[in-house]
Number of protein chains: 2
Amino acid sequence: MSTIIGETFQSLLGRLPVTSSDRLLLEMQRAIVEGELPAGSKISEPELARKFNVSRAPLREAMARLERCHLIERIPNAGARVVKLSAEGLQALYQIREELEGLACRLAAENMDEHEIEQLRALLDQHLKSQRVREGESYYQEAGDLDFHYRIILGSKNPYLINMLCDELYFLVRMYRVQLGMNGPRVSRAFDEHKAIINAIASRDGELADLLMRRHIAASRGNIELKLQQVGKQHD
Amino acid sequence: MSTIIGETFQSLLGRLPVTSSDRLLLEMQRAIVEGELPAGSKISEPELARKFNVSRAPLREAMARLERCHLIERIPNAGARVVKLSAEGLQALYQIREELEGLACRLAAENMDEHEIEQLRALLDQHLKSQRVREGESYYQEAGDLDFHYRIILGSKNPYLINMLCDELYFLVRMYRVQLGMNGPRVSRAFDEHKAIINAIASRDGELADLLMRRHIAASRGNIELKLQQVGKQHD
DNA sequence: ATTTGCAAAATTGTCGACAATTAGTTTGGT
DNA sequence: ACCAAACTAATTGTCGACAATTTTGCAAAT
């Protein structure tokens, strides 16, 4: 089974959710990513505070952190709205992902120790097995893919990079994937790409790992853009 | 005179500081960058709230945003401290800067319109004049350099990129520069590098602009690392 | 003298109420 | 009938106080 790092500590990298606003953050991140709080909808502080049985203080703290990961947008004295998904937003997001995750790969090739690389290989083997069992079902693959990316990012050992990708950008990435229902024939191809990236990291070839990761993400973007066009046409 | 974009809207890109926490944020960003709140020192909420004549609510909101731009670090139930500067932190920060500002250059070469490029040239001319007048005085050059970088980042037209660089990372960059007293013979060389970058952007050569910017930042990092080593030796 | 445990003090997290600002509605005028 | 201005209602920003947690200081035991 995939470890699904995203669900174990998410934005609270390394520490447990001790405070009310911690729990609120997790819950609201999930609700937004999964569309329970619809994209573009207004966030009413009194309403949500009642719903979650907390006062507005921890709620506002959680909202400040939601703004940090680009899941909501706030306007002073006017309120907050859940972000809207768009083709432009996706492109802007993935431009940065390509760059930063490419860097992460290069650094991971330098900084991951043998044990971590071995764990990464084991993770991929697990995914391969579970994927064969659940042919066509996309959730595990997607979670596994994110898990894979998470580990490489952590392997870079660059705290700013880790923070920016895992804490700030990845929730949006997940939101695009979940709400646009990423799936299709890319699933099996992604495995091969992951394998190639691990090999490059294991042989300490940062330049190659960088290149492969950029291509991997570019391919993923192409796949989602296709979906976005389809959705766009439905609304015409 | 340089426009010093950083002082006009900073983290509040585009809007005015309307609320108490907005003003607090600006004030504390300045205080931390300039070392008035010393690196590594603990932040006492009651004390600062008294000092600024506000309640803890807007102060905590400002602190949440300070954490976002990596100027303070918070531990739940334990408090917040101003970040410490270190050689490792600088390296990690500049690794990301190289990557993201390289991307910004590539996008700026695609997306800046002729008018914006013309303004950028005019800015550089201004810096050249003011530098000759104030030979050796580093502040204007440094502010000018940041201003130059700001404009290119904005020229990328990528909102996430703009947010990450201008809102999150640049305060730390400024903190390193201010507290380590960036100056020296690099000042005049930086001009030539800026000029070359503009030319690449003007001729719509994104790839070259990317490369030149990476080198420019790498050179800048080398300069600061030198300073850091000197400071380190003083403490031994 | 050092360490362990407890108690007191200080700090952070949370709450409910009030003030300031904005959005919506009604009313009056053209 | 339409637009504008004032008024009302709702929402956001801020405040002071309380609860929960952590740190500090002291005392006792090894």
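A note on names: the letters A, B, ... follow the listed sequences, proteins ahead of strands, and every chain is numbered from 1.
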(request) Check the distance between C:dC15's C1' and A:Leu24's CG and give it to me in whole angstrom. (result) 14 Å
(message) Can you classify the ring geometry of A:His194 versus A:Phe148 as parallel (below 30°), tilted (30 to 60°) or perpendicular (above 60°)?
(response) parallel
(request) Quickly work out the B:Glu67 CD to C:dT12 P distance and round it to whole Å. (result) 14 Å
(message) Nearest to the B:Lys42 side chain among C:dT11, C:dA23, C:dT14, which nucleotide is it?
(response) C:dT11
(request) Please report, rounded to the nearest Å, how far the P atom of C:dT11 is from the CZ atom of B:Arg74. (result) 16 Å
(request) Report the distance from atom CG of A:Leu59 to atom P of D:dG13, rounded to the nearest whole Å. (result) 11 Å
(message) Return whichever of A:Ala57 or A:Ala78 has its heavy-atom-nearest nucleotide of DNA chain C closer to the 5' end.
(response) A:Ala57
(request) Look at all strands and tell whether A:Ile43 reaches a base, only sugar-phosphate, or nothing, counting heavy atoms closer than 4.0 Å. (result) sugar-phosphate
(request) Send over the distance from B:Phe52 CZ to D:dT14 C1', rounded to a whole Å. (result) 17 Å
(message) Among D:dT14, C:dG13, C:dA23, which nucleotide has an atom closest to any side-chain atom of B:Glu45?
(response) C:dG13
(request) With sequence neighbours excluded, tell me which residues meet side-chain contact (heavy atoms from CB on, under 4.5 Å) with B:Glu110. (result) B:Leu107
(message) Here's a test of your reading of the structure: between B:Glu61 and B:Arg56, which maps to the more 5' nucleotide of DNA chain D?
(response) B:Glu61
(request) Select from A:Val54 and A:Pro76 the residue whose nearest nucleotide in DNA chain C is closer to the 5' end of that strand. (result) A:Val54
(message) Tell me whether the side-chain N/O atoms of B:Ser44 come closer than 4.0 Å to OP1 or OP2 in C:dA10.
(response) no
(message) Of the listed nucleotides (C:dT12, D:dG13, C:dC15), which one gets closest to any side-chain atom of B:Pro46?
(response) C:dT12
(request) For the side chain of A:Ser21, starting at C-beta, report the closest nucleotide among C:dG13, D:dC15, C:dT14. (result) C:dT14
(message) Between B:Asn163 and B:Arg68, do the side chains contain a donor N or O and an acceptor N or O under 3.5 Å apart?
(response) yes
(message) With heavy-atom distances below 4.5 Å as the criterion, would you say the side chains of A:Ile197 and A:Ile201 are in contact?
(response) yes
(message) Counting only side-chain nitrogens and oxygens, does B:Ser20 get under 4.0 Å of the OP1 or OP2 atom of D:dG13?
(response) no
(message) Please tell me if B:Thr19 has a side-chain N or O lying less than 4.0 Å from either OP1 or OP2 of D:dT12.
(response) no
(request) Write down the distance between CZ (B:Arg81) and C1' (D:dT22), rounded to a whole number of angstrom. (result) 14 Å
(request) In whole angstrom, give the distance that lies between atom CG of B:Asn53 and atom P of D:dG16. (result) 10 Å
(message) salt bridge (charged side-chain N to carboxylate O under 4.0 Å, His left out) for A:Asp113 and A:Lys157? Distances and angles first, verdict last.
(response) CA-CA 11 Å; A:Asp113 60 37; A:Lys157 311 287 172 71; 5.0 Å; no
(message) Tell me every residue that passes side chain to side chain donor-acceptor pair (under 3.5 Å) with B:Arg121, counting only those two or more places apart in sequence or in another chain.
(response) B:Asn199
(request) Return the angle between end axes of the helix from C:dA1-D:dT30 to C:dT30-D:dA1, with five pairs used per end and rounding to 10°. (result) 10°
(request) Round to a whole Å and report the spacing from CG of A:Leu48 to C1' of D:dT11. (result) 13 Å
(message) Please confirm whether the shortest side-chain N or O distance from B:Ser55 to OP1 or OP2 of D:dG16 is below 4.0 Å.
(response) no
(message) Between B:Asp167 and B:Arg65 (salt bridge meaning N to carboxylate O under 4.0 Å), is one present in this structure?
(response) no
(request) Report yes or no: do B:Arg97 and B:Tyr170 form a side-chain donor-acceptor pair below 3.5 Å? (result) yes
